[in-house]
Number of protein chains: 2
Amino acid sequence: MDKKALFFKCVSFTTSVHRVTHELTQNAKSDSITPVQYSILEYITVSQPVTLSDISDCQHISMPNTSREVKKLSEKNLIEKISDTEDRRKQYIRLSKDGEIMMNEAFACVESRFQNRIQNASKEDLEDIERALDILQTKLFYK
Amino acid sequence: MDKKALFFKCVSFTTSVHRVTHELTQNAKSDSITPVQYSILEYITVSQPVTLSDISDCQHISMPNTSREVKKLSEKNLIEKISDTEDRRKQYIRLSKDGEIMMNEAFACVESRFQNRIQNASKEDLEDIERALDILQTKLFYK
DNA sequence: TGATTTTGTTATCAAATGATAAGTAATGGG
DNA sequence: CCCATTACTTATCATTTGATAACAAAATCA
């Protein structure tokens with residue numbers, strides 16, 4: 001297989017990933033937040049504590065807009081801002097108790113759908129999947 | 001590795017896929033269309049000919065909004081609508097010449113970045129990647 | 001110390017997107 | 001033929017998101 005063919009295979013693959021991700025995550029999030037706010041919360045969940053700049057960089061949202069959305073999340077009591085004692089310009093952000101509860105529910109919903117998707121996989125299949133994830137993560141979807 | 005750990009590995013993996021996809025595709029699209037319009041064009045490109053209902057279903061956009069966006073694409077001469085001779089309610093949609101040119105350019109841009117990403121991969125790496133893509137596509141990200 | 005950079009905020013505006021109601025035209029089933 | 005359904009359209013409105021300018025405070029650097 002030449003590199004061009006690999007490219008097309010990869011395009012088709014990423015399309016599948018996006019489709020399945022959508023399938024697993026749709027309606028998993030609370031109605032009280034917008035899609036962008038959810039993606040910010042998701043990022044905070046897996047990377048906390050993070051700064052506003054981290055969110056802005058990683059989610060590709062401008063600083064003013066990041067500030068606005070984070071403020072809204074803060075007003076909804078889903079996150080907490082903690083000032084850095086070293087550098088007082090910085091603010092570390094992490095989930096509040098309420099935020100944790102909300103994200104736990106969302107993740108539980110997604111996970112149950114995920115488990116459902118792999119319920120028919122054999123032990124060998126699961127091992128294959130795990131190996132494949134590792135290979136792609138290190139060789140193709142690396143940072 | 002238990003299924004729960006596999007779930008988290010998978011979450012982390014899909015996050016990487018989304019990040020890399022964004023990296024490869026950013027600014028690849030023409031400025032004359034919106035992100036949603038681009039995703040519609042992308043879908044048409046790989047699945048043409050498609051009906052409005054197909055687009056609506058697969059892209060998760062309501063029919064009225066799909067109709068509006070497709071109309072805009074049509075006004076920009078990027079697509080063509082062809083009435084079905086069997087069922088005159090249906091319209092098959094495909095890229096116009098201009099639309100093909102635009103999508104070829106966009107895909108070329110994405111592909112060059114992709115090739116750049118795998119330029120240091122050995123022959124064995126590429127084979128590993130291909131196998132891994134196949135495994136995940138059939139065992140995890142299947143329809 | 002004074003200038004510059006970094007980190008974040010506020011305000012404002014335009015554009016993109018989502019949601020809904022109401023409608024047309026063609027099809028198909030009884 | 002009549003009625004329900006399907007495929008799509010038009011119009012309208014609210015919300016979300018993106019972009020920009022102008023600002024403040026703290027840190028860093030020369």
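In the text below, chain A, chain B and the rest are named by the order of the sequence lines, each starting its count at 1. What you see is a predicted model, and the numbers here were worked out from it, not measured in a lab. Hydrogens, waters and symmetry mates play no part in the numbers below; they use all other heavy atoms, side chains included.
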Write down the atom of [X], the atom of [Y], and the distance for their closest heavy-atom approach.
X     : Y     : result
A:V17 : B:H18 : CG1-CE1, 4.5 Å
A:S56 : A:S62 : OG-C, 3.8 Å
B:T45 : B:L95 : OG1-CD1, 3.5 Å

For a quick test of reading the model: is some side-chain N or O of [X] closer than 4.0 Å to OP1 or OP2 of [N]?
X     : N      : result
B:K81 : D:dT9  : yes
A:T34 : D:dT17 : yes
A:K71 : C:dT10 : yes
B:Q91 : D:dT9  : yes

Atom [atom1] of [X] and atom [atom2] of [N]: how far apart are they, to the nearest Å?
X     : N      : atom1 : atom2 : answer
A:E69 : C:dT10 : CD    : P     : 14 Å
A:D31 : C:dG18 : CG    : C1'   : 14 Å
A:R68 : C:dT7  : CZ    : C1'   : 18 Å
A:R88 : D:dT28 : CZ    : C1'   : 15 Å
B:D84 : D:dT6  : CG    : C1'   : 13 Å
A:I93 : C:dT7  : CD1   : P     : 13 Å
B:E86 : C:dT27 : CD    : P     : 10 Å
B:K72 : D:dA11 : NZ    : C1'   : 13 Å

Heavy-atom count around B:K3 NZ within 6.0 Å, excluding the residue itself: above 12? yes
Is it true that, when you exclude A:R94 itself, more than 12 heavy atoms of the residues, nucleotides or ligands shown sit nearer than 6.0 Å to its CZ? no
What residues in residues 39-65 of chain A put a non-hydrogen atom under 4.0 Å from any atom of DNA chain C?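 Hits under 4.0 Å, by residue number: A:T51, A:L52, A:S53, A:M63, A:P64.
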Which ones in residues 15-29 of chain B lie close to DNA chain C, meaning a heavy atom under 4.0 Å from one of its atoms?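 Listed by number, there are none.
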Closest of C:dG8, D:dT16, C:dT17 to the A:P35 side chain is D:dT16
Nearest of D:dT9, D:dA26, C:dA26 to any side-chain atom of B:D87?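 The listed nucleotide nearest to B:D87's side chain is C:dA26.
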Do A:R131 and A:D134 sit within salt-bridge range, that is, some charged N less than 4.0 Å from a carboxylate O? no
Distance-only side-chain donor-acceptor flag, B:E111 / B:Q115, under 3.5 Å: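 Checked: B:E111/B:Q115 side chains pair up, N/O donor to acceptor below 3.5 Å.
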So is B:R117 actually on top of A:F141's ring, under 6.0 Å and inside 45° of the axis?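 Geometry flag: not set, cation outside 6.0 Å or 45°.
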Can you work out whether A:Q37 or B:T66 has the more 5'-proximal nearest nucleotide on DNA chain D? B:T66
Under the side chain to side chain contact (heavy atoms under 4.5 Å, CB included) rule, what do B:Y92 and B:V50 come out as? Steps first, then yes or no, please. CA-CA 5 Å; B:Y92 285 107; B:V50 297; over 6 Å; no
Please list, pair by pair, any protein nitrogen or oxygen found under 3.5 Å from a nitrogen or oxygen in nucleotides 3-5 of chain C.
none

Going by the side chain to side chain contact (heavy atoms under 4.5 Å, CB included) test, name the single residue among A:D54, A:D57, A:L52 that passes it with A:T66.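 With A:T66 as partner, A:D54, A:D57, A:L52 yield a single side chain to side chain contact (heavy atoms under 4.5 Å, CB included), made by A:L52.
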Whether A:H60 and B:H22 hold their rings parallel, tilted or perpendicular, with breakpoints at 30° and 60°: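 Parallel, since the angle between the ring planes stays under 30°.
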Kindly determine whether B:I79 and B:Q48 satisfy side chain to side chain contact (heavy atoms under 4.5 Å, CB included), including the steps that lead there. CA-CA 10 Å; B:I79 59 163; B:Q48 60 186 338; over 6 Å; no
